[in-house]
2 protein chains.
Amino acid sequence: MSTVQGARARARVEVTAAIKDEARRQLAADGAAKLSLRAVARELGMVSSALYRYFPSRDELLTALIVDAYDAVGEAAEDALAKQRTAASPTARWIAVCRAVRAWALAHPHEYALIYGSPVPGYTAPETTNVPASRVGLVLISIARDAHLGKGVAPPKPPARLLVDGERMAADFAPDLPPAVVVALVAAWAQLFGLISFEAFGQFHRVVEERDAFFAQAAEQLARSVGLVLPA
Amino acid sequence: MSTVQGARARARVEVTAAIKDEARRQLAADGAAKLSLRAVARELGMVSSALYRYFPSRDELLTALIVDAYDAVGEAAEDALAKQRTAASPTARWIAVCRAVRAWALAHPHEYALIYGSPVPGYTAPETTNVPASRVGLVLISIARDAHLGKGVAPPKPPARLLVDGERMAADFAPDLPPAVVVALVAAWAQLFGLISFEAFGQFHRVVEERDAFFAQAAEQLARSVGLVLPA
DNA sequence: CATTTAAGAGAGCACTGCTCTTGCTTTGGA
DNA sequence: TCCAAAGCAAGAGCAGTGCTCTCTTAAATG
């Protein structure tokens, strides 16, 4: 697919990309609330109505940016893992991935807010975001799987009803992981983004100063909570 | 203070309250992005320019709602603690407070998003929000203090630079707590809101179904991470 | 009672998302 | 090759927004 179609089609993907780029620029500068279709069009030298040939509404443009943002964090996480895949211990890999996600968030706070802050559009995230949204989670799962194939400290056993959830999730994502580990992983996943969100959204202002060290410490504790053993 | 001033002054506080109430209604209905000064004024039977006698801008109105929301969660947490103060173990109190905060968030998702989601206004939260914003944190600290005055499992020792942060925070909020515990508390605080935010913002959609049990399990793990011992 | 003060009403500015109609250009089939 | 069909840009226009003025009326103060 994407064979050499007519020049018209190529122009279309270029304009589409230009719109997204300019929108991302404005997003990074002023935040999602102030992203204006008219301003994007103005900056691109076209009239606002022309932009509707490419994105049927402002929310659709935002959705496109959301998908791109999910892919960007996901890629950051996957790259961090790839760089450490063979050498380091599972715990070191876990911490490296956590660090990478945090670094991306702090470097792109508005894009981060778009995906992990309050949902901006009419409350329902489109289905197209589901796959890119799970990339970071899958990276974390893969680290835990590698670790638990060897030895690993089992997390505390959850009650039976929760284990049902854990089994279903394990069936979907990691058939060889014990359900209790999957449950702990999901919790760690949410907690990781709690740490990052508080830092990115300014909740640590005048509270935590040594943020790198603080985050490293917390990421280590998260690794422990999913049963990864610490290097001596 | 607040002595019986003229009837005009009383009308002012009443109108101010009515504006905030209507704004809160619209916030709960459609979210912060769609909160409109003109719509609030319209609903109250006044003209939009009159509203500016009470709030100098839309952001100031939002700030007032933010302060109220912080106070509401804070009160929910304090009430939950008060109900269990004498009877239950520190761990049970911790979980009760966590549950109360979560319940408030799920009951008022838009107000929750206002304070723990992406920062809406021009990036700087006013200083007036600082005190109400710390109420939940103070409740968590007080539970840990009660527990650690007796016995408690010390969290892993952070590196020296981080301990400096911990000592400063301890000096501010809990002089009798070991710095390492304070550091762990702040991490648990952020992680708690990570769990709640993911649930409130729909990130657990089609992932976690047994959310009550899941949250209880995670809250228990958080208690453990700050050194609270579990009841046998 | 006179005067200062506060509040509401209304018009208006600059902006937004979005729709509709009007022309122009590229495209693909006869 | 020509011609209809489709894609695209432009412009006007609608309804809505935050916010700022001016004007008038009602209350509080001296």
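Proteins come first, then strands; the chains are lettered A, B, ... in the order of their sequence lines, and each starts at number 1.
Side-chain proximity of B:Leu37 to the nucleotides C:dG8, D:dC19, C:dC18 is greatest for D:dC19. Of the candidates C:dG10, C:dC18, C:dA7, the closest approach to any side-chain atom of B:Ser49 belongs to C:dG10. Minimum atom distance to the side chain of B:Arg42 is reached by D:dT17, of the listed D:dA9, D:dT17, C:dT19.
The CD atom of B:Glu43 sits 14 Å away from the P atom of D:dG16 (whole-angstrom rounding). When rounded to the nearest whole Å, the span between CZ of B:Arg10 and P of D:dA27 equals 15 Å. The CG-P distance, from B:Leu44 to C:dG8, rounds to 10 Å in whole Å. When the C1' atom of D:dT17 is taken as reference, atom CD of B:Gln26 falls 13 Å away, rounded to whole Å. Per the geometry, CD belonging to A:Glu14 stands 13 Å off P belonging to D:dC8, to the nearest Å. Atom pair B:Leu62:CG and D:dC19:P shows a separation of 10 Å (rounding to whole Å applied). Residue A:Ile19 contributes atom CD1, which lies 12 Å from atom C1' of D:dA9 at whole-angstrom precision. Rounded to an integer number of Å, the gap from OH of B:Tyr54 to P of C:dA6 is 12 Å.
Using a cutoff of 4.0 Å between basic side-chain nitrogens and carboxylate oxygens, B:Asp68 and B:Arg24 are scored as salt-bridged. A salt bridge does not link B:Asp172 to A:Arg206: none of the charged nitrogens lies less than 4.0 Å from a carboxylate oxygen.
For A:Pro56 against A:Tyr52, the heavy-atom pair with the smallest separation is O-CD2, 3.6 Å. Nearest heavy atoms, A:Pro175 versus A:Arg145: CD-NH1, 4.0 Å.
A donor-acceptor contact under 3.5 Å is formed by the side chain of A:Arg38 with the base of C:dG17.
Residue contacts shown for B:Leu35 are limited to sugar-phosphate atoms, with no base heavy atom under 4.0 Å away. Residue A:Ser36 is classed as a sugar-phosphate contact, given heavy-atom separations below 4.0 Å to backbone atoms only. Using a 4.0 Å heavy-atom cutoff across all strands shown, A:Ser48 reaches at least one base atom of the nucleic acid.
Side chain to side chain, A:Gln203 and A:Glu199 fail the donor-acceptor criterion of an N or O pair below 3.5 Å.
Between A:Arg53 and C:dC18 there is no side-chain N or O to OP1 or OP2 distance below 4.0 Å.
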